[in-house]
Peer 1: 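Here it is: the structure, laid out below.
Note that the numbering runs from 1 along the sequence shown for the chain. Heavy atoms only: backbone and side chains are in, while hydrogens, waters and symmetry mates are out.
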Amino acid sequence: MKQKVAIQGIKGSYHHGVAQAYFGEDVVVDECMSFQELIHSLEQNKSTDAVMAIENSIAGSIIPNYAYIDEHNITISGEYFQPIHHCLMALKGQKISDIKEVYSHPMALLQCKEFFRGLPHIKLVEDADTADVAKRIHDQQLEGIAAVAGETAANIYQLNILAKEIQTIKSNSTRFFILNTRKDSKVAKEEINKASLKFLTDHKRGSLATVLNVMSDCGLNLTKIQSLPIISMPWKYSFFVDVTFTSYKDYEKAMSILEIMALELKVLGEYKNQNG
């Protein structure tokens, strides 16, 4: 099967931009309107790889996506940090004063809430995808409606940009995982310096601290920790962590100890750190 990359959204979306940056400008994509559909695209072999947003520097983690990766045994094979530049766009000839409603992905709206605080006449409406709203406005020639999306979407769907850089924090960035269902990493072992793990500890006092101390003692740097409730075990949590390291041997040593200490330990992916 030729390489085909599943994305959340359509052409012109931020996911599409990451797919082009990571796999090449002419990448063939499978457009999925939800993250669940994206996972199914991988599982059903509609795509060979996928791009999935996992956290944003303003809005934080997209927590359900950790569960999707874990529950469906998806492999994280890489990561990509994408600067986010939100624009407000509408049909040509429209002004901000003409706009009654703005549609976009909920994460995009959250990242721009300060901008819209100064425009009380505009109603914000959550939608499935940034670029899909832009396409709908163009296809249906919707007046009084605007989208929050990237500049590429405005160019593709021939919309007028009413305002640029409307995100609250100008240095806004989203981290994306590169996913597949293969268990063999394409990254050479000597290049691997980051891993995403899931583990469970017992409910004794200090159990989590002990695990974190092992990571530190073995030379691992904890760059991310996210807890998720275990549905079948009320008030108990699994932990998803990212660690970086300079020596793969140090990482292997830590893993051998953690396999003994943790109630459960799962490697979600080993890959090359793209943020350092």
Side-chain angles (χ1 to χ4, degrees), residues 5-27 29 31-32 35 38 49-66 69 76-90 102-118 124 126-135 146-157 159-179 187 193-194 196 221 223-224 226 242 244 269 271-276:
V5 179
I7 61 172
Q8 191 275 312
I10 66 172
K11 291 176 182 176
S13 66
Y14 290 108
H15 277 76
H16 180 225
V18 172
Q20 288 181 310
Y22 196 91
F23 294 99
E25 285 290 323
D26 58 348
V27 64
V29 297
E31 300 174 334
C32 305
F35 289 118
L38 179 149
D49 301 88
V51 168
M52 175 187 268
I54 195 67
E55 62 178 316
N56 176 264
S57 57
I58 297 174
S61 298
I62 307 175
I63 293 176
N65 287 357
Y66 284 96
I69 292 168
I76 302 166
S77 60
E79 65 178 356
Y80 191 87
F81 290 83
Q82 173 82 333
I84 302 297
H85 304 284
H86 288 311
C87 300
L88 183 67
M89 59 194 69
V102 170
Y103 289 72
S104 194
H105 190 278
M107 290 290 279
L109 295 177
L110 185 62
Q111 293 159 22
C112 302
K113 62 181 181 180
E114 290 302 318
F115 175 81
F116 289 109
R117 193 165 288 173
L124 302 181
E126 295 183 356
D127 211 292
D129 177 56
T130 55
D132 188 58
V133 176
K135 182 177 186 296
V148 172
E151 190 170 353
T152 302
N155 295 334
I156 291 175
Y157 303 112
L159 298 182
N160 183 40
I161 294 178
L162 303 178
K164 289 186 176 183
E165 301 289 347
I166 65 171
Q167 65 275 8
T168 302
I169 308 297
K170 301 310 174 188
S171 57
N172 183 12
S173 176
T174 294
R175 180 184 178 217
F176 293 79
F177 277 150
I178 311 302
L179 307 173
V187 184
N193 58 1
K194 191 169 186 177
S196 294
N221 179 38
T223 60
K224 171 78 177 178
Q226 179 71 55
D242 294 329
T244 58
Y271 47 95
K272 192 171 182 178
N273 182 17
Q274 295 294 320
N275 197 26

Peer 1: Between Lys224 and Glu55, does any NZ, NE, NH1 or NH2 come within less than 4.0 Å of an OD or OE carboxylate oxygen?
Peer 2: yes
Peer 1: State the CD1-CD1 distance between Ile54 and Ile76, to the nearest 0.5 angstrom.
Peer 2: 7.0 Å
Peer 1: With a 4.5 Å limit on heavy-atom distance, are the side chains of Phe35 and Pro64 in contact?
Peer 2: no
Peer 1: Judged by modelled atom types alone, do Gln111 and His86 share a side-chain donor-acceptor pair under 3.5 Å?
Peer 2: yes
Peer 1: Give, for atom NZ of Lys113 and atom OG1 of Thr168, the distance between the pair rounded to the nearest 0.5 Å.
Peer 2: 7.0 Å
Peer 1: Please confirm whether the backbone N or O of Ile178 pairs with a side-chain atom of Ser77, one donor and one acceptor, at under 3.5 Å?
Peer 2: yes
Peer 1: Looking at Ile62 and Met107, what are the two nearest heavy atoms and their distance?
Peer 2: CG1-CE, 3.8 Å
Peer 1: Counting distance only, does the side-chain N/O of Asn193 pair as donor-acceptor with the main-chain N or O of Asn273 below 3.5 Å?
Peer 2: yes
Peer 1: Quick test of your reading of the model: are Lys11 and Glu31 salt-bridged, counting only N-O distances below 4.0 Å?
Peer 2: no
Peer 1: Minimum heavy-atom separation for Ala163 to Phe115, with atom names?
Peer 2: CB-CZ, 3.9 Å
Peer 1: Could you tell me which non-hydrogen atom of Ala134 sits nearest to which non-hydrogen atom of Ala147, and how far apart they are?
Peer 2: N-CB, 4.0 Å
Peer 1: Are any of the side-chain heavy atoms of Tyr271 and Glu79 separated by less than 4.5 Å?
Peer 2: yes
Peer 1: Pick out which of Gln8, His16, Lys135, His105 makes a side chain to side chain contact (heavy atoms under 4.5 Å, CB included) with Asp129.
Peer 2: Gln8
Peer 1: For Cys32 and Ala6, which heavy atoms make the closest approach, and how far apart are they?
Peer 2: SG-CB, 4.2 Å
Peer 1: Could you work out, with side chain to side chain contact (heavy atoms under 4.5 Å, CB included) as the rule, every residue matching Asp127, not counting sequence neighbours?
Peer 2: Tyr103, Val133, Arg136
Peer 1: Can a donor-acceptor pair be found, under 3.5 Å and without considering hydrogens, that links the side chain of Thr130 to the backbone of Ala149?
Peer 2: no
Peer 1: Side chains of Ser196 and Asp242: is there a donor and an acceptor less than 3.5 Å apart?
Peer 2: yes
Peer 1: Just how far is it from atom CG of Leu124 to atom CG of Leu109, taken to the nearest 0.5 Å?
Peer 2: 5.5 Å
Peer 1: Please round to the nearest 0.5 Å and tell me the distance separating atom OG of Ser104 and atom CG of Asp132.
Peer 2: 10.5 Å
Peer 1: Between Tyr80 and His15, does the ring centre distance come in under 6.0 Å?
Peer 2: no
Peer 1: Compare every heavy atom of Ile166 with every heavy atom of Cys87, then report the nearest pair and how far apart it is.
Peer 2: C-CD1, 4.2 Å
Peer 1: Can you find a side-chain donor-acceptor pair between Glu165 and His85 that sits under 3.5 Å?
Peer 2: yes
Peer 1: Verify the distance criterion only: is there a donor paired with an acceptor across the side chains of Thr152 and Tyr14 at less than 3.5 Å?
Peer 2: no
Peer 1: Please report the C-alpha distance between Ile7 and Phe176 in whole Å, then the side-chain angles of each, then the deciding distance to 0.1 Å, and finally whether the side-chain contact (heavy atoms from CB on, under 4.5 Å) criterion is met.
Peer 2: CA-CA 11 Å; Ile7 61 172; Phe176 293 79; over 6 Å; no
Peer 1: Is it the case that Thr174 and Asn56 place a side-chain donor and acceptor less than 3.5 Å from each other?
Peer 2: yes
Peer 1: On a heavy-atom basis, which atom in Gln226 and which in Ser61 lie closest, and how many Å separate them?
Peer 2: OE1-OG, 2.9 Å
Peer 1: How about Phe177 and Val51: do any of their side-chain heavy atoms sit closer than 4.5 Å?
Peer 2: no
Peer 1: May I ask you to check whether over 12 heavy atoms, not counting those of Lys164, lie within 6.0 Å of atom NZ?
Peer 2: no
Peer 1: Once you round to the nearest 0.5 Å, how far does CG of Asn172 lie from SG of Cys112?
Peer 2: 7.5 Å
Peer 1: To the nearest 0.5 angstrom, please state how far the CZ atom of Phe81 sits from the CZ atom of Arg175.
Peer 2: 5.0 Å
Peer 1: Decide yes or no for Asp49 and Tyr22: does some side-chain heavy atom of the first lie under 4.5 Å from some side-chain heavy atom of the second?
Peer 2: no
Peer 1: Kindly indicate whether the side chain of Leu88, heavy atoms from C-beta on, has any atom under 4.5 Å from the side chain of Val102.
Peer 2: yes
